[in-house]
Amino acid sequence: NAGVMQNPRHLVRRRGQEARLRCSPMKGHSHVYWYRQLPEEGLKFMVYLQKENIIDESGMPKERFSAEFPKEGPSILRIQQVVRGDSAAYFCASSPPRELGDTEAFFGQGTRLTVV
Amino acid sequence: KNEVEQSPQNLTAQEGEFITINCSYSVGISALHWLQQHPGGGIVSLFMLSSGKKKHGRLIATINIQEKHSSLHITASHPRDSAVYICAVRSEIWGGGSQGNLIFGKGTKLSVKP
């Protein structure tokens with residue numbers, strides 16, 4: 001059972017370009033969370049998705065950032081018109097449905113975005 | 001003030017020493033996680049606690065719900081334990097069908113010297 005898969009591991013974008021970060025949850029997991037880790041800072045929640053639904057996007061910047069988790073395929077975090085301040089590590093985590101109760105947190109390896 | 005505070009921020013130890021990392025939180029929680037992050041690497045879950053104590057190999061995690069405090073202990077520390085250890089809590093106030101997201105401490109950077 002493969003873990004949470006994120007790709008790419010490293011992504012370099014010029015200012016103004018778009019960044020697309022992908023996350024495939026663990027098999028059987030229908031909940032996906034995205035977190036951002038800025039240099040020298042702790043992880044911060046961005047968005048929580050279930051298949052085809054955004055459940056909580058209270059941590060997402062209001063502009064340029066969007067996330068989706070389609071019926072088929074990975075979850076995508078999309079950053080339009082990137083700026084240097086978007087440079088960070090972006091982590092995805094997945095979990096099974098809530099009715100199974102609190103579970104271990106399963107994280108991906110992260111995508112390190114560098115904006116030049 | 002952060003909702004999750006860890007101490008110390010940085011910790012250097014000699015191989016073989018007993019290590020304690022502390023985590024205090026200010027919100028009601030449904031669970032507390034201890035995570036490990038190696039430099040440039042991903043995040044690995046070490047423990048999930050809602051009460052009492054858990055042990056895995058040389059790692060022990062405890063939680064006191066009344067005092068809103070948790071500790072992570074490493075016995076017989078080894079250089080390969082060098083990493084950032086992160087405390088994260090799942091707030092019990094998240095509702096609306098959400099399993100709730102995690103609130104993270106800033107991490108404790110541990111360096112174990114041979």
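Below, read A as the first sequence line, B as the second, and so on, with proteins coming before strands; counting in each chain starts at 1. Just the heavy atoms: all of them, side chains too, but no hydrogens, waters or symmetry mates, feed the values below.
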Any side-chain heavy-atom pair of A:Leu113 and A:Arg13 under 4.5 Å: yes
Aromatic ring pairing A:Tyr48/A:His31, orientation class (parallel under 30°, perpendicular over 60°, tilted between): tilted
Engaged part of B:Gln6 at the chain A interface, taking heavy atoms whose separation is under 4.5 Å: neither
Ring centres under 6.0 angstrom apart (B:Phe104, A:Tyr35): yes
Contacting moiety of A:Gln37, where chain B heavy atoms sit under 4.5 Å: side chain
Portion of B:Leu46 that has a non-hydrogen atom of chain A nearer than 4.5 angstrom: neither
is_close_aromatic(B:His33, B:Phe47), centroid dist under 6.0 Å: no
